[in-house]
Every structure is written in C-alpha cells, then in structure tokens.
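Just so it is clear: chains get the letters A, B, ... in the order the sequence lines come, proteins before strands, and each one is counted from 1.
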Protein chains: 2
Amino acid sequence: MARTNDRYKTAFNQMLDSLAAMPAGSELSSETILARQLGVSRTIVRAVLERLQKMRIISWRGRRKKLLKSPDASDRFPDDEVESVSVRLEEYFLEWVLRTDVAPDTRLNVSLLSRQFSCTPHALHEFLVRFSRFGIVERLKTGGWVLRGFTAEYAIELSEFREMIELTSVRKLVALATDHPVWAQLDELKRDHIALLEHIEVRYRDFSSLDDRLHTTINSVQDNRFTREFQSLISMIFHYHYQWNKRWERQRNTVAISEHLAYIDALQSRNWQAAQSAALAHLATARQTLLASTGAADTLVS
Amino acid sequence: MARTNDRYKTAFNQMLDSLAAMPAGSELSSETILARQLGVSRTIVRAVLERLQKMRIISWRGRRKKLLKSPDASDRFPDDEVESVSVRLEEYFLEWVLRTDVAPDTRLNVSLLSRQFSCTPHALHEFLVRFSRFGIVERLKTGGWVLRGFTAEYAIELSEFREMIELTSVRKLVALATDHPVWAQLDELKRDHIALLEHIEVRYRDFSSLDDRLHTTINSVQDNRFTREFQSLISMIFHYHYQWNKRWERQRNTVAISEHLAYIDALQSRNWQAAQSAALAHLATARQTLLASTGAADTLVS
DNA sequence: CAACTGTTTTTAATTATTTATATACATAGT
DNA sequence: ACTATGTATATAAATAATTAAAAACAGTTG
C-alpha cells in the first residue's frame with residue numbers, strides 16, 4: 001500500500017556504483033551535493049546513507065561520512081525490484097499485444113489483466129490512459145477499454161502519417177544553411193553507419209538505435225513539439241518491432257543500412273528531388289517490414 | 001467516497017424527457033428496452049424506475065409500469081449535479097490557462113489546484129494525464145507537472161503542423177472521384193455558409209461549429225486515425241478560442257466565412273493549385289487570429 | 001417457450017488513506 | 001559568514017476500500 005520506493009532503491013544502487021569507483025577511506029561530499037548528483041531529494045540521500053551505515057559500508061556521524069569498504073554486487077537491490085511498474089507494464093502489454101493473437105476490437109477486462117500482469121487495476125488503468133495516445137487502445141465513453149490492436153490498418157495509417165511528416169522535414173532540411181548543427185550530426189551518423197556495416201556480422205542488433213537516431217535527427221529540424229511527439233511513438237513501435245521480429249534480421253538490417261547511407265548522401269547533396277526519392281525508398285521498405293509483422297502471427301519472431 | 005452516480009442522474013433526467021412526451025396512463029416498455037434506449041444497464045433503469053415510483057410519477061408492479069402524471073422541471077436533477085467532474089475540469093482548467101496570466105513553464109501544485117477546482121487530487125491527476133497529449137502540460141520524469149502554457153510558440157507549432165496535415169488532405173481531396181461522399185458534404189457546407197452569411201448580424205456565433213465541420217470534413221478524406229486525433233485537438237483549441245476571444249468577433253467571422261466559401265469553391269474546381277492557395281490563405285488568417293490571442297493578456301476577451 | 005423480471009456476481013470508477021519523496025525552515029558547525 | 005545538517009511540513013504517488021454500474025444467471029409469467 002502507498003507509493004513504491006523505486007526512487008530510493010535506484011538511488012541506492014547508483015550510489016553504490018559511485019562508491020565502487022572510490023578508494024576505501026575517502027570522505028563523501030555533502031548531502032546536498034550527493035542529492036544533486038543522484039538527481040533526488042536530500043530525504044532520499046539520507047535514507048541511502050542510513051542504509052549504507054547500517055551495512056557498515058560507510059561510517060557517518062554529523063557531517064563526517066567515510067567509506068569503510070568497497071561495496072560489491074551482493075549489496076545492490078536486485079534489478080527487477082528496481083524496475084518501476086509502468087516500465088514493466090509497457091513491456092508486458094506490448095508483448096501481449098504484439099505476440100499473442102488477441103483479436104482486434106476486443107474489450108479489455110482491467111481487473112483480469114491486472115492480475116495477469118501482477119499489478120493493481122489502478123496501475124493498469126494509469127498505463128492505459130497514457131498509452132491511449134498511441135491509438136492502440138481506446139477508452140469507451142460508456143466506460144471500459146477496447147484493444148484496437150496493432151493491425152495492418154494501424155501500420156498503414158502510421159506509415160502514411162510518418163511519410164508526410166518526414167518528407168516535410170526533408171524539404172526543410174535540404175534548404176538549411178551549411179552551419180546548421182544538423183549537418184554535423186549527419187556526418188557523425190554516416191561514420192557510425194559505415195562503422196556498423198564493417199562489423200555487421202556481430203553487431204547487426206545495434207542497427208535499431210541507429211535507425212532511431214537518424215529519423216529523430218531528421219525530424220528535429222522541424223523543431224515542432226507535435227512532430228517530436230509523433231517521432232517518439234515511431235521510436236517506441238520500432239523499438240519493440242526490432243526486438244521481437246527476428247526473422248531475416250541481419251539481412252534486413254544490412255539492406256536498411258545501405259538505404260540509410262543513400263538517404264544521408266542524398267540529404268548532403270542538398271538536392272530536394274534526390275533527397276525525396278531516397279526518403280520515400282527507405283520509408284517504403286520500413287512500411288513493408290512493419291506491415292509484414294502484423295497480419296499473420298507466424299510472421300512474428302523466428 | 002467511491003464512484004459518482006452521474007450516469008444514474010443523467011439517465012433519470014433523460015427518462016423524464018421521454019415521459020414528458022407520453023400521455024398519462026400509458027404503459028412503459030420493458031426494462032431491457034428502456035436500458036437500450038437510454039444507453040445504460042438494466043441496473044440503472046431499475047434504480048430510475050424505483051425513484052419514479054417513489055415520486056408517484058409511475059406505478060410499478062412486476063412487469064406493469066404505468067405513467068401516472070406528466071413530470072415537470074422540478075422533478076429533474078439539477079444540471080450542475082449531473083455534469084461529470086472530468087468535463088468541468090476541462091472547462092475550469094482551460095479557462096485558467098487561457099484567461100489568467102500564468103507564466104509558461106510553471107510547476108503545477110496538484111493538491112493546491114485540486115482544492116481550487118474543488119475536486120480530489122486524483123481527479124485532477126487523471127485529467128492531466130489525458131490532457132498531456134495536447135502538449136500544454138507535461139509530466140516531469142522526476143514527478144510532478146509543468147504548465148508549458150498556450151504560448152505564441154505553441155500556437156505557431158500547432159498551426160504549422162495543422163497546415164502540413166490539411167494541405168495533404170486537400171491534395172488527396174481534389175483527386176477524388178465525383179461520387180465520393182465528401183463532395184455532397186461540401187455542397188451542404190456551402191449552403192450552410194451562405195445561409196449563415198445572410199443572417200450574420202444575429203447568428204455570427206454559429207460560425208464556430210461550421211468552422212469545425214469544414215475542417216473535419218476536409219481532413220476526413222485522409223481516413224487516418226492520427227489525422228483525426230490531431231483534428232480533435234484543433235477542434236478543442238478553436239472551440240475555447242472562439243468562446244473566449246470575443247474581440248472583433250462578428251467582423252472576424254464574416255471574413256472567415258468568405259474565406260471558407262472561396263476555399264470550398266476552389267476545392268470544387270478540383271484544381272490543385274487554386275485549392276492550395278485558398279487553403280493557405282484561410283489557414284494563415286486562422287494562425288494570425290490564434291497568435292494574437294496568445295502573448296498579451298489584454299488581447300483576450302473584449 | 002420466449003420474453004421479462006428478480007437476484008447474484010463481477011467489473012469499473014472514485015475517494016480515502018498511507019507511505020515515499022520533496023521542500024522549507026531552523027539550527028549547528030567550521 | 002557561509003554551508004551543512006536536523007527537523008518539520010507539504011506534496012506526490014501508490015494501494016485499499018467503497019460504491020456505482022454492468023453482466024450473468026435463475027426463476028416467472030403471459
């Protein structure tokens with residue numbers, strides 16, 4: 001009952017990390033400074049210090065705080081205890097939606113689902129409210145929720161909207177002055193793509209975050225909160241998509257890297273026509289991949 | 001404590017309305033049918049019937065339900081009791097944001113605000129979560145909320161995004177076959193605009209809903225849930241905007257109607273260039289009006 | 001026997017309560 | 001004096017409890 005102490009546990013583990021980097025016998029900084037370093041309030045810092053003292057990892061009296069011995073892994077809170085409910089729920093829920101064969105437009109039973117996900121009905125409800133902005137679940141006026149599902153229609157509408165936004169970005173991008181920071185970012189992205197391509201056999205899983213970075217960078221030139229909001233939806237969908245759709249993963253990513261490189265080159269040429277074609281080509285591939293992962297369940301996972 | 005009985009009260013008032021249209025002595029239909037008519041469960045219908053019986057408006061035994069006398073206004077639940085908390089909150093909150101001079105990026109104090117709005121902190125929290133999709137408030141990772149506010153930047157980004165979407169719709173619309181339902185809807189809208197223009201002196205306030213209808217119709221051709229979602233945000237913003245910014249209201253609406261008529265004509269000509277110009281012209285005006293209502297508070301309200 | 005009502009059970013939404021965390025203020029130490 | 005700590009208070013986020021509403025089931029009646 002009552003709020004969880006995830007923040008305390010996370011802060012404690014973070015504190016252990018920084019203590020591990022210090023030699024035994026060193027003095028710790030003041031509560032206020034530690035609080036700022038950990039990004040939490042002094043209340044939490046004091047609770048952490050109390051626990052550290054009780055565990056005889058530090059000595060603490062007044063403003064003298066000395067490290068007695070380096071902490072080890074067993075002192076930490078286990079990771080699964082630290083993970084907040086809302087993060088767990090996103091994984092559980094999306095896994096449930098994307099991997100199992102729930103029919104579209106199913107009415108959701110909150111109390112039943114919350115038991116399955118081992119959380120309170122309220123926690124699930126909060127999650128659904130936040131999540132409803134993505135259009136995969138919807139709240140009924142009469143009360144209750146329906147799962148609209150990650151259907152082929154959803155993938156198509158998502159892709160169409162995405163293409164509209166990204167082409168707008170591209171049009172704006174190619175007209176930007178050469179001293180705009182985006183050009184440097186593109187240079188860096190190009191280097192990272194080439195580096196990844198060289199070790200594609202072992203590092204092909206790293207493509208996912210590179211894909212995210214490229215599209216986020218391109219859309220950043222719009223400097224528009226609605227674009228950013230939509231891009232974050234795209235990031236989430238593709239994050240889980242890459243995570244679970246392992247079929248032809250290496251080949252797919254190799255092709256995508258080439259498309260990205262062509263895309264970057266076209267942008268750097270600052271030729272609107274060329275950039276548009278390259279953008280459309282890559283976005284079409286992405287759309288196809290996404291679409292293939294909806295529909296039949298057997299196209300999901302290897 | 002525990003959930004409100006708004007649904008019951010609303011259903012009761014609705015039932016009174018339908019009883020008022022019936023002659024005394026007539027038999028009511030079955031619980032199941034009444035439930036379907038009112039859009040509620042049988043549980044509510046039975047509660048409503050019980051109250052009606054207690055008030056001697058109907059007699060009820062077993063399956064015989066007879067109307068004894070026509071109900072009058074005093075039998076109803078007062079309207080303000082019926083209005084649900086979430087609806088009230090939207091009004092209160094937007095009025096607070098748009099009319100008072102709250103500085104952008106202010107940290108919101110949920111418990112304080114909830115007292116001002118006379119609701120529980122939790123109800124306000126629920127509202128904020130739902131409302132955050134519009135980008136006017138934002139949840140901090142560390143906890144708590146900030147009001148980003150209805151600033152000039154917000155108005156600009158909103159308008160830019162809107163223009164991108166609506167131009168996409170227009171491009172798709174002018175290419176549609178003549179038997180597509182949108183053409184009939186545009187004909188009807190044109191008639192309604194002309195009718196409104198003839199009585200503009202008295203009916204100028206009706207423009208707001210007409211504006212909403214036109215843009216919703218145009219964007220409906222995309223048949224995309226993300227477009228619909230964004231259009232509903234636009235509708236909300238303009239709804240409150242029209243409601244509170246009364247300066248030059250009649251003149252403004254007269255101009256807008258002409259722009260709408262030109263816009264509709266251009267669409268009906270099915271000429272992409274003409275339609276694009278008309279769209280841009282009207283959207284630019286809308287952007288200016290919206291922008292003028294941000295910034296200085298004295299531009300708000302007469 | 002089909003439609004309707006009576007009764008019970010399940011699910012949803014809201015408030016109250018509790019614990020965690022943040023912040024403000026007063027006091028002590030260097 | 002400044003800065004750190006000790007203490008008190010305010011605010012946030014979670015659960016638990018409570019009531020409304022829906023749905024399921026069983027029994028009745030025309």
Side-chain angles (χ1 to χ4, degrees), chain A residues 1-12 27-36 38-50 60-65 84-86 107-115 119-129 139-140 142-145, chain B residues 1-11 27-36 38-50 60-65 84-86 107-115 118-129 139-140 142-145:
Chain A
M1 180 176 178
R3 76 187 287 186
T4 59
N5 57 356
D6 297 331
R7 286 182 73 73
Y8 161 68
K9 288 179 180 168
T10 312
F12 182 83
E27 292 275 338
L28 309 198
S29 17
S30 79
E31 296 173 5
T32 320
I33 292 174
L34 289 172
R36 196 161 29 217
L38 297 173
V40 294
S41 72
R42 264 184 63 217
T43 311
I44 289 195
V45 170
R46 291 170 64 83
V48 166
L49 291 174
E50 249 163 62
W60 182 30
R61 237 192 93 199
R63 52 185 66 182
R64 304 203 70 82
K65 299 177 284 289
S84 79
V85 183
S86 56
R107 184 106 192 240
L108 297 179
N109 185 328
V110 173
S111 32
L112 188 71
L113 268 182
S114 66
R115 257 170 284 155
C119 67
T120 64
H122 185 75
L124 179 57
H125 176 256
E126 287 279 283
F127 169 76
L128 289 174
V129 173
R139 188 177 207 162
L140 297 173
T142 123
W145 295 87
Chain B
M1 184 175 176
R3 77 188 285 183
T4 59
N5 56 355
D6 298 331
R7 284 182 76 73
Y8 161 66
K9 288 178 180 169
T10 311
E27 291 274 339
L28 309 198
S29 18
S30 79
E31 296 174 6
T32 320
I33 292 173
L34 290 171
R36 196 162 28 217
L38 297 173
V40 296
S41 72
R42 264 185 63 215
T43 311
I44 288 195
V45 170
R46 290 171 64 83
V48 166
L49 291 173
E50 250 164 63
W60 181 28
R61 236 193 95 198
R63 52 185 66 180
R64 305 204 70 80
K65 299 178 283 287
S84 80
V85 183
S86 56
R107 185 108 192 240
L108 296 181
N109 186 328
V110 173
S111 32
L112 188 70
L113 267 182
S114 66
R115 257 170 284 154
S118 53
C119 67
T120 64
H122 185 75
L124 179 58
H125 177 256
E126 287 278 283
F127 169 76
L128 289 173
V129 172
R139 188 177 208 161
L140 298 172
T142 125
W145 296 86

A:Leu108 near the nucleic acid: base, sugar-phosphate alone, or nothing, with a heavy-atom cut-off under 4.0 Å?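 Sugar-phosphate: the residue A:Leu108, judged by heavy atoms under 4.0 Å, touches backbone atoms but no base.
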Using a 4.0 Å heavy-atom cut-off, does B:Thr32 contact any base of the nucleic acid, only the sugar-phosphate backbone, or nothing at all?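 Base contact - B:Thr32 has a heavy atom under 4.0 Å of at least one base atom.
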Can you name the residues that form a side-chain hydrogen bond (donor to acceptor under 3.5 Å, both in side chains) with [X], not counting sequence neighbours?
X: A:Ser30; result: none
X: A:Arg115; result: none
X: B:Asn5; result: none

Do the ring planes of B:Trp145 and B:His125 sit parallel (below 30°), tilted (30 to 60°) or perpendicular (above 60°)?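 Correct class here is perpendicular.
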For B:Arg63, salt bridge (Lys or Arg N to Asp or Glu O under 4.0 Å) partners two or more places apart: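 Salt bridge (Lys or Arg N to Asp or Glu O under 4.0 Å) list for B:Arg63, sorted by chain: empty.
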For A:Glu50, which residues count as a salt bridge (Lys or Arg N to Asp or Glu O under 4.0 Å) partner, sequence neighbours excluded?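 None.
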In terms of side-chain heavy atoms of B:Asn109, which of C:dT15, D:dT11, D:dG6 is nearest?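 In terms of side-chain proximity for B:Asn109, the closest of C:dT15, D:dT11, D:dG6 is D:dT11.
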Please tell me if B:Lys65 has a side-chain N or O lying less than 4.0 Å from either OP1 or OP2 of C:dC4.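 Checking C:dC4 against B:Lys65, no side-chain N or O comes under 4.0 Å of OP1 or OP2.
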Under-4.0 Å side-chain N/O to phosphate OP1/OP2 contact, B:Ser111 with D:dA10: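 Checking D:dA10 against B:Ser111, no side-chain N or O comes under 4.0 Å of OP1 or OP2.
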Between [N] ([atom2]) and [X] ([atom1]): distance, integer Å:
X: A:Glu31; N: C:dA24; atom1: CD; atom2: C1'; result: 15 Å
X: A:Phe12; N: C:dT21; atom1: CZ; atom2: P; result: 14 Å
X: A:Leu34; N: D:dT3; atom1: CG; atom2: P; result: 17 Å
X: B:Trp60; N: C:dC4; atom1: CH2; atom2: P; result: 15 Å
X: A:Ile33; N: D:dT3; atom1: CD1; atom2: C1'; result: 9 Å
X: B:Glu126; N: D:dA14; atom1: CD; atom2: C1'; result: 13 Å
X: A:Leu128; N: C:dA13; atom1: CG; atom2: P; result: 10 Å

Do nucleotides 21-30 of chain D as a string where each nucleotide becomes B, S or -: B if the base has a protein heavy atom under 4.0 Å, S if just the sugar-phosphate does, - if no protein is that close. SBBB---BB-
Identify, between A:Arg115 and B:Arg61, the residue whose nearest nucleotide on DNA chain C lies closer to the 5' end.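 In this pair, the answer is B:Arg61.
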B:Thr120 vs B:Ser30, nearer the 5' end of DNA chain C by closest nucleotide: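 On the 5' side of the pair lies B:Ser30.
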B:Thr4 versus B:Lys9: any side-chain heavy-atom pair under 4.5 Å?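 They are not in side-chain contact.
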